[in-house]
There are 2 protein chains.
Amino acid sequence: MNQPITAADKTYIALRDDIVEGRIEAGSKLSETELSTKFAVSRAVIREAINRLESCHIVERKANVGARVVALSPQGLIELYQVRESLEGMAARLAATNMTDEEIADLGALLQSHFDEVKGGESYYQEAGDVDFHYRIILGSKNKHLISMLFDGIYHLVRMYRVQLGMAGPRVTTAYDEHKHIVQAILNRDAELAEMLMRRHILYSKNSIEHKLS
Amino acid sequence: MNQPITAADKTYIALRDDIVEGRIEAGSKLSETELSTKFAVSRAVIREAINRLESCHIVERKANVGARVVALSPQGLIELYQVRESLEGMAARLAATNMTDEEIADLGALLQSHFDEVKGGESYYQEAGDVDFHYRIILGSKNKHLISMLFDGIYHLVRMYRVQLGMAGPRVTTAYDEHKHIVQAILNRDAELAEMLMRRHILYSKNSIEHKLS
DNA sequence: ACTTGCTATATTGTCGACAACTTGGTGTTA
DNA sequence: TAACACCAAGTTGTCGACAATATAGCAAGT
């Protein structure tokens with residue numbers, strides 16, 4: 001589903017964005033009839049969209065009762081980052097052996113462009129840049145399950161926390177250094193180290209966020 | 001969805017079992033109309049069931065074309081076990097800090113009962129016993145995402161590989177020792193070690209299966 | 001013979017209506 | 001007043017029909 005084909009695809013994306021960006025507030029109930037009029041599609045389409053949102057753990061459904069948007073909590077964020085640490089650590093490990101030399105070179109180039117931005121003090125682009133960095137490594141793992149779990153599953157939730165609890169970096173410059181070391185480890189084809197560094201990177205990121213919440 | 005409520009629930013489970021147990025063969029196409037007559041429900045119900053199967057990566061769907069059961073391959077099995085290693089390793093780590101003393105005691109009792117079975121040479125029950133062991137540790141992690149990813153997502157696929165490529169143990173007695181050491185680490189609240197041992201345990205298991213396939 | 005374009009057919013996607021269920025409220029009874 | 005049964009309104013679950021799309025086969029042209 002790289003680009004949406006069916007009405008259900010488009011509705012799923014639109015609804016997901018509404019939730020992630022906070023236009024539909026966390027914890028609120030999703031009425032099928034209401035949404036079907038809002039998006040001008042039949043309830044069947046809304047139902048399919050909600051089912052997909054349930055697979056990403058963005059909504060929770062109970063039979064014969066309905067669907068609610070998940071509630072955000074510090075505990076939930078911690079659990080999310082535990083899973084991220086685990087999966088992205090493995091992704092980095094696999095990337096160290098499975099990425100082609102060319103892909104690694106591209107990754108290095110991306111890092112260089114980030115360095116230029118950081119030097120110029122553009123912390124906004126760093127946000128998207130960080131995401132892009134992680135994307136490439138996850139894709140570099142060449143592991144279908146890993147890729148889909150992170151992209152289709154966890155990343156939307158991470159983004160939801162980011163947007164709604166309002167966390168645009170900083171940690172920009174230090175994150176850059178961590179990225180650099182990870183790329184170096186991948187370049188050296190050191191799977192063990194790449195995993196370790198990625199896990200640390202995400203752990204630090206979690207700690208930084210936790211600190212900001214308290 | 002501990003026990004099925006709606007027709008979609010039941011159909012999902014029935015269809016899933018048919019696929020996992022091999023009564024519907026891997027790689028084959030799923031016709032909605034055909035299945036709706038077979039299970040005596042409407043196409044809407046079949047559609048929901050297929051959507052759920054897609055979330056567990058048991059079937060793949062293409063818009064306007066249809067759904068196919070995934071094809072099993074050695075490569076696919078390896079990727080699956082890489083994810084398992086990552087997630088269950090984290091589960092063991094978290095279980096070491098989050099399980100209650102009582103839960104750990106129960107786990108020890110389970111292990112003891114396995115020991116008796118192994119001594120008696122009942123390798124059949126060991127199969128279910130192994131699953132049960134892993135279940136408890138995953139639950140012990142108390143991490144919602146981890147739990148649902150493994151139970152709702154990966155375990156059905158693992159079972160599908162087990163059944164269709166016909167792997168009833170052995171590795172029974174050695175696996176028992178590994179389980180014992182993991183429980184010991186959890187008992188000592190040694191998260192680091194528990195993760196390491198669980199990852200090794202799954203890695204060995206993967207190697208054993210790979211060896212059998214070649 | 002090979003390609004191109006069309007048609008026929010079958011399959012999936014979408015819709016509106018009906019059935020089953022949950023929930024909150026009302027009235028009755030001890 | 002408390003407890004229970006029941007009813008009514010609204011929501012979700014399920015169904016059958018129709019619309020849109022893909023695929024295979026055939027026909028025509030080069």
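Reminder, nothing fancy here: chain letters follow the sequence lines and each chain counts from 1. Computed from a predicted structure; not experimentally measured.
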What is the per-nucleotide protein-contact pattern of nucleotides 9-20 of chain C, from the 5' end, where B denotes a base atom under 4.0 Å from a protein heavy atom, S denotes such proximity for sugar-phosphate atoms only, and - denotes neither?
--SBBBB-B---
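- Between E32(A) and R47(A), at least one side-chain N (NZ, or NE/NH1/NH2) sits under 4.0 Å from a carboxylate O, which counts as a salt bridge.
- Here CG of L150(B) is found 8.0 Å from CZ of R84(B). Values are rounded to the nearest 0.5 Å.
- Taking a cutoff of 4.0 Å between a charged side-chain nitrogen and a carboxylate oxygen, E60(A) and R68(A) do not qualify as a salt bridge.
- Between K206(A) and E85(A), no side-chain nitrogen of the basic residue sits less than 4.0 Å from a carboxylate oxygen of the acidic one, so the salt-bridge criterion is not met.
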Begin from the C-alpha positions of T100(B) and I104(B) and carry the test side-chain contact (heavy atoms from CB on, under 4.5 Å) through to its verdict.
CA-CA 6 Å; T100(B) 66; I104(B) 298 178; over 6 Å; no
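- Residue pairs meeting the ring pair (Phe, Tyr, Trp, His ring centres under 6.0 Å) criterion with at least one partner in residues 27-70 of chain B, sequence neighbours excluded, are H145(A)-H57(B).
- In this structure, the CD1 atom of I46(A) is 14 Å from the C1' atom of dT12(D), given to the nearest Å.
- For the pair R52(B) and E48(B), the salt-bridge criterion is met [side-chain N within less than 4.0 Å of a carboxylate O].
- One finds no salt bridge joining E21(B) and R162(B) here, because no Lys/Arg side-chain nitrogen approaches an Asp/Glu carboxylate oxygen to under 4.0 Å.
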Tell me, what's DNA chain D's dot-bracket, Watson-Crick or G-U with both distances under 3.5 Å, | for other-strand, [ ] crossing?
||||||||||||||||||||||||||||||
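- Note: CD (E54(A)) to P (dT12(D)) measures 14 Å, nearest angstrom.
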